[in-house]
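First the structure, in the form of structure tokens, and then the observations on it.
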Amino acid sequence: MLCISFIANAQDTEIPGISADRPGVATPPFISETHCLQIETGAAYERIKEGSSLQENILYNTTLLRFGLNKNTEIRLQTDYARLKTDSFDLIGFNPLIVGTKIKMAEAKGIIPAISFLMNLTLPYFGAKSFRPEHLSPSFYLLMQNDISQDINICYNLGIEYDGSNPEPTDFAALCLGYNLNEKLSLFIENYNYFASNSPPQNFIDIGGAYLLRKNLQIDLSGNLRLQQIENYVMLNVGVSWRIPK
């Protein structure tokens, strides 16, 4: 689920620049182009150190497919080929399938942000058995964005996530500041947070950027840190987003 949408100034007025959910964690409210398939894929490495134990999460490939049904609705399908490695075990395989939809609720107007609703459902029937949740795992998010100027925008999310085993959800909140350096290169800095009733809050910051190679093709790079014990956590992401024209 990823933050910032950088829309380049289009040279062709009929086809807008690509709007990708990558590379951040928060998700922008914009819907994929009607009857266009958008593929957002990449790789990531996460390293977590807790005391003397070390955990490494590697996404060899994470792929999100987005298809615009109409100007207000898109459908989504996501899965990852992942590896989870600790001092005591080493697991590899596909993560469960995640199906979802994003629905536009309001256009931006003055101080009123662009608003969309995102719902995802993690299915426990597919993927490596070790990575599957016990039950269906829904998540719900309210996605918002304000344009401060032509080149500066603020994206923010609020949501709840279920993990498929704990009946109590985890609350999610994110705030992302984006800046378009020019028509092709954009940067962002983001804070995202998880709040669960049975564990301490987890607070993160990430920074990165995206480069528009073509109107339908964008590459990105970002890095993440955890604000609790910064030296014990790091995550790196690289990816590409490709919109297949009608």
Side-chain angles (χ1 to χ4, degrees), residues 1-4 20-28 39-64 76 78-98 100 118 120 122 126-133 137 139 141 155 157 159-166 169-176 187-196 198-210 219-241:
M1 297 180 356
L2 305 165
C3 176
I4 202 162
D21 284 5
R22 294 187 59 88
V25 174
T27 305
I39 303 171
E40 303 185 14
T41 184
Y45 173 78
E46 182 182 40
R47 183 179 184 273
I48 307 168
K49 188 175 182 182
E50 299 288 354
S52 59
S53 64
L54 177 65
Q55 176 178 316
E56 294 176 291
N57 300 312
I58 304 169
L59 296 180
Y60 293 108
N61 180 270
T62 176
T63 298
L64 170 66
R76 303 157 66 90
Q78 180 177 347
T79 190
D80 316 313
Y81 188 69
R83 181 180 184 183
L84 172 59
K85 184 179 180 182
T86 70
D87 300 331
S88 56
F89 57 84
D90 191 355
L91 305 174
I92 189 167
F94 282 98
N95 278 330
L97 286 176
I98 302 174
L118 173 63
N120 288 324
T122 302
F126 306 96
K129 188 173 182 179
S130 301
F131 296 155
R132 297 180 197 172
S137 308
S139 56
Y141 307 91
C155 171
N157 294 176
I160 58 173
E161 305 175 351
Y162 291 86
D163 63 9
S165 58
N166 186 350
T170 296
D171 297 325
F172 172 79
L175 176 66
C176 183
L187 302 175
F188 77 92
I189 184 169
E190 172 185 40
N191 167 247
Y192 60 100
N193 310 272
Y194 298 94
F195 306 96
N198 56 354
S199 62
Q202 295 290 313
N203 312 108
F204 300 84
I205 187 169
D206 64 334
I207 187 169
I219 58 174
D220 62 71
L221 177 68
S222 63
N224 309 43
L225 294 172
R226 185 174 63 188
L227 297 182
Q228 291 90 355
Q229 298 178 313
I230 289 179
E231 69 279 4
N232 292 335
Y233 180 92
V234 67
M235 185 174 184
L236 300 173
N237 297 271
V238 62
V240 61
S241 300

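- Using a 3.5 Å distance cut-off with no hydrogens or angles, the side chains of Q228 and N203 do pair a donor with an acceptor.
- Note that CG of N120 and OG of S137 are 11.0 Å apart. Values are rounded to the nearest 0.5 Å.
- In terms of heavy atoms, A128 sits closest to G93 at CB-CA, 4.0 Å.
- Although no hydrogens or angles enter the test, the distance criterion places a donor-acceptor pair under 3.5 Å between the side chain of E40 and the main chain of R22.
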Hey, mind stepping through Y162 and T122 against side-chain contact (heavy atoms from CB on, under 4.5 Å) and telling me if it holds?
CA-CA 9 Å; Y162 291 86; T122 302; over 6 Å; no

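- When the shell of 6.0 Å around CZ of R47 is examined, it contains 12 or fewer heavy atoms from other residues, nucleotides or ligands.
- Between M235 and D206 the shortest side-chain heavy-atom distance does not fall below 4.5 Å.
- Ring pair Y194/F172 is tilted by interplanar angle, where 30° to 60° counts as tilted.
- Under the 3.5 Å distance criterion, the side-chain polar atoms of R76 are left unmatched by any main-chain donor or acceptor of L64.
- S165 is linked by a side chain to side chain donor-acceptor pair (under 3.5 Å) to D163, counting only residues two or more places apart in sequence or in another chain.
- L227 has its side chain within reach of N191: a pair of non-hydrogen atoms, C-beta onward, lies under 4.5 Å apart.
- Atom-to-atom distance recorded for N232:CG and E50:CD is 7.0 Å, nearest 0.5 angstrom.
- Every residue two or more places apart in sequence or in another chain that forms a side chain to side chain donor-acceptor pair (under 3.5 Å) with Y233 is listed here: E46.
- With rounding to the nearest 0.5 angstrom, the CD1 atom of I98 is 7.0 Å from the OG atom of S139.
- In this structure, the side chains of Y192 and N157 stay at 4.5 Å or more apart for every pair of heavy atoms.
- Side-chain contact between E161 and Y141: present, with at least one pair of heavy atoms (C-beta onward) separated by less than 4.5 Å.
- Partner of F94 under the ring pair (Phe, Tyr, Trp, His ring centres under 6.0 Å) criterion, out of F131, Y81, F126: Y81 alone.
- Contact record, K49 with R226: O-NH2, 4.2 Å, taken as the closest heavy-atom pair.
- What you find for G164 and P133 is that their closest heavy atoms are CA-CB, 4.1 Å.
- Between atom CG of residue L175 and atom CG of residue N193 there is a gap of 9.0 Å, rounded to the nearest 0.5 Å.
- Listed here is the closest heavy atom pair of P201 and F195: CB-CD2, 3.7 Å.
- A donor-acceptor contact closer than 3.5 angstrom is absent between the side chains of S222 and D220.
- With T79 contributing its side chain and N95 its backbone, the two residues share a donor-acceptor pair below 3.5 Å.
- The line from CG of N57 to CG of D80 is 11.0 Å long, rounded to the nearest 0.5 Å.
- Side chains of N237 and P23 form no contact here, defined as non-hydrogen atoms less than 4.5 Å apart.
- Here the closest heavy-atom approach between residue Y60 and residue A43 is recorded as O-CB, 3.8 Å.
- To the nearest 0.5 angstrom, I207 atom CD1 is 10.5 Å from L221 atom CG.
- Counting all heavy atoms, side chain and backbone alike, P169 lies closest to I160 at CB-CB, 4.3 Å.
- D171 is linked by a side chain to side chain donor-acceptor pair (under 3.5 Å) to nothing, counting only residues two or more places apart in sequence or in another chain.
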